[in-house]
Amino acid sequence: MFKVDASTVNEYFSADPAREADLRAVDRLIRSAAPALKRQFFGGTPGGRPGMSMRLVGYGLFQYHVKASAQPIDWPVIGLALQKNHLSLYVAAVEDGAYVVERFAGRLGKVSLGRNNIRFRTYADLGHDGLTDLVRYVGDGIVSGRLELRYGRVQ
């Protein structure tokens with residue numbers, strides 16, 4: 001399993017010097033398009049607790065629950081993560097029963113999509129206008145209450 005050894009946003013950005021510029025460029029795009037989603041370092045859930053253990057840079061924060069635990073789990077609205085061979089954006093916004101990422105699928109550039117995530121190798125691979133629109137849509141939808149936040153399966 002690929003693991004980033006960092007405990008702050010700046011340490012995270014500099015953890016892989018070859019991809020630091022790409023991380024910082026995506027960060028600028030997110031912070032510009034959705035300024036209401038506060039940026040923070042997400043250290044993952046502590047060992048022995050349910051939830052994701054991976055570290056990432058998060059924008060906004062919400063809590064979700066799993067059947068295995070009465071304790072809520074913190075997760076970012078949008079998460080930016082270094083992976084072994086790519087970068088990922090996790091987007092926890094749902095509208096009308098579907099993850100919002102799916103609505104913008106054709107506009108995000110040279111990416112691979114999951115239901116709630118976007119995988120890409122470099123910032124240049126992204127459809128910048130499409131990603132900006134997605135992030136703005138999520139930020140505005142959270143502020144207005146139009147979007148739901150969910151991690152995991154959409155019911």
Side-chain angles (χ1 to χ4, degrees), residues 2 4 6-45 51-64 72-155:
F2 182 77
V4 178
S7 57
T8 68
V9 170
N10 281 328
E11 286 177 9
Y12 196 88
F13 287 153
S14 63
D16 183 348
R19 296 187 287 174
E20 181 175 1
D22 291 316
L23 284 170
R24 289 188 183 278
V26 174
D27 173 70
R28 281 190 301 276
L29 183 150
I30 294 169
R31 292 175 70 202
S32 175
L37 298 179
K38 181 182 172 193
R39 180 181 73 179
Q40 60 201 344
F41 176 76
F42 180 78
T45 56
M52 296 294 290
S53 62
M54 95 170 106
R55 296 173 183 187
L56 49 78
V57 177
Y59 305 84
L61 184 69
F62 75 104
Q63 293 183 324
Y64 69 95
I73 299 166
D74 290 336
W75 188 250
V77 173
I78 297 175
L80 173 59
L82 273 167
Q83 308 290 354
K84 182 177 180 180
N85 297 311
H86 60 273
L87 303 174
S88 292
L89 278 173
Y90 296 91
V91 182
V94 174
E95 183 174 39
D96 298 328
Y99 279 106
V100 174
V101 166
E102 296 168 339
R103 167 179 271 193
F104 289 83
R107 302 184 51 218
L108 298 173
K110 185 180 170 185
V111 300
S112 171
L113 295 178
R115 293 176 62 206
N116 70 335
N117 65 55
I118 304 161
R119 294 174 296 276
F120 55 98
R121 291 197 181 274
T122 68
Y123 180 73
D125 290 339
L126 293 169
H128 302 127
D129 291 343
L131 183 59
T132 298
D133 290 346
L134 166 63
V135 171
R136 185 173 292 126
Y137 190 83
V138 169
D140 292 346
I142 298 308
V143 170
S144 72
R146 182 184 73 246
L147 300 178
E148 296 176 61
L149 294 171
R150 190 173 302 147
Y151 181 78
R153 278 206 159 99
V154 174
Q155 313 313 356

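Index from 1, following the sequence. This one's a predicted model, so the numbers in the text were calculated from it and none came from an experiment. In what follows, every heavy atom counts, from backbone to side chain, and hydrogens, waters and symmetry copies are set aside.
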Min side-chain heavy-atom separation [X]-[Y] under 4.5 Å:
X      : Y      : answer
Leu149 : Val94  : no
Arg121 : Asn85  : yes
Leu134 : Leu131 : yes

Heavy-atom closest contact ([X] atom, [Y] atom, distance):
X      : Y      : answer
Val138 : Leu147 : CA-CD1, 3.7 Å
Gly139 : Leu37  : CA-CD1, 4.2 Å
Gly58  : Pro76  : CA-CB, 3.5 Å
Ala36  : Val143 : CB-CG2, 3.7 Å
His86  : Arg19  : O-NH1, 3.1 Å
Ala92  : Phe62  : CB-CE2, 3.5 Å

Rounded to the nearest 0.5 Å, what separation is found between the [atom1] atom of [X] and the [atom2] atom of [Y]?
X      : Y     : atom1 : atom2 : result
Met54  : Leu82 : CE    : CG    : 11.0 Å
Asn116 : Ser88 : CG    : OG    : 10.0 Å
Arg24  : Leu80 : CZ    : CG    : 11.0 Å
Gln40  : Thr8  : CD    : OG1   : 13.0 Å
Trp75  : Leu61 : CH2   : CG    : 11.0 Å
Arg39  : Ile30 : CZ    : CD1   : 10.0 Å

- Within a radius of less than 6.0 Å around CZ of Arg119, do more than 12 heavy atoms belonging to other residues, nucleotides or ligands occur?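 Above 12, so yes.
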
- Query: Got more than 12 heavy atoms from elsewhere within 6.0 Å of CG, Asp129?
  - Reply: no

My understanding is that only residues two or more places apart in sequence, or in another chain, count here; which of them pass ring pair (Phe, Tyr, Trp, His ring centres under 6.0 Å) with [X]?
X      : value
His128 : Tyr123
Phe13  : none
Phe104 : Tyr137

- Message: Using a 3.5 Å distance criterion without hydrogens, assess whether the side chain of Tyr12 forms a donor-acceptor pair with backbone atoms of Arg55.
- Response: yes

- Whether Ser32 side chain and Arg28 backbone form a donor-acceptor pair below 3.5 Å: no

- Asp27 and Tyr59: side chain donor to acceptor below 3.5 Å: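 Yes, a side-chain donor-acceptor pair sits under 3.5 Å.
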
- Leu89 and side-chain contact (heavy atoms from CB on, under 4.5 Å): which partner among Val111, Leu56, Ile118? Ile118

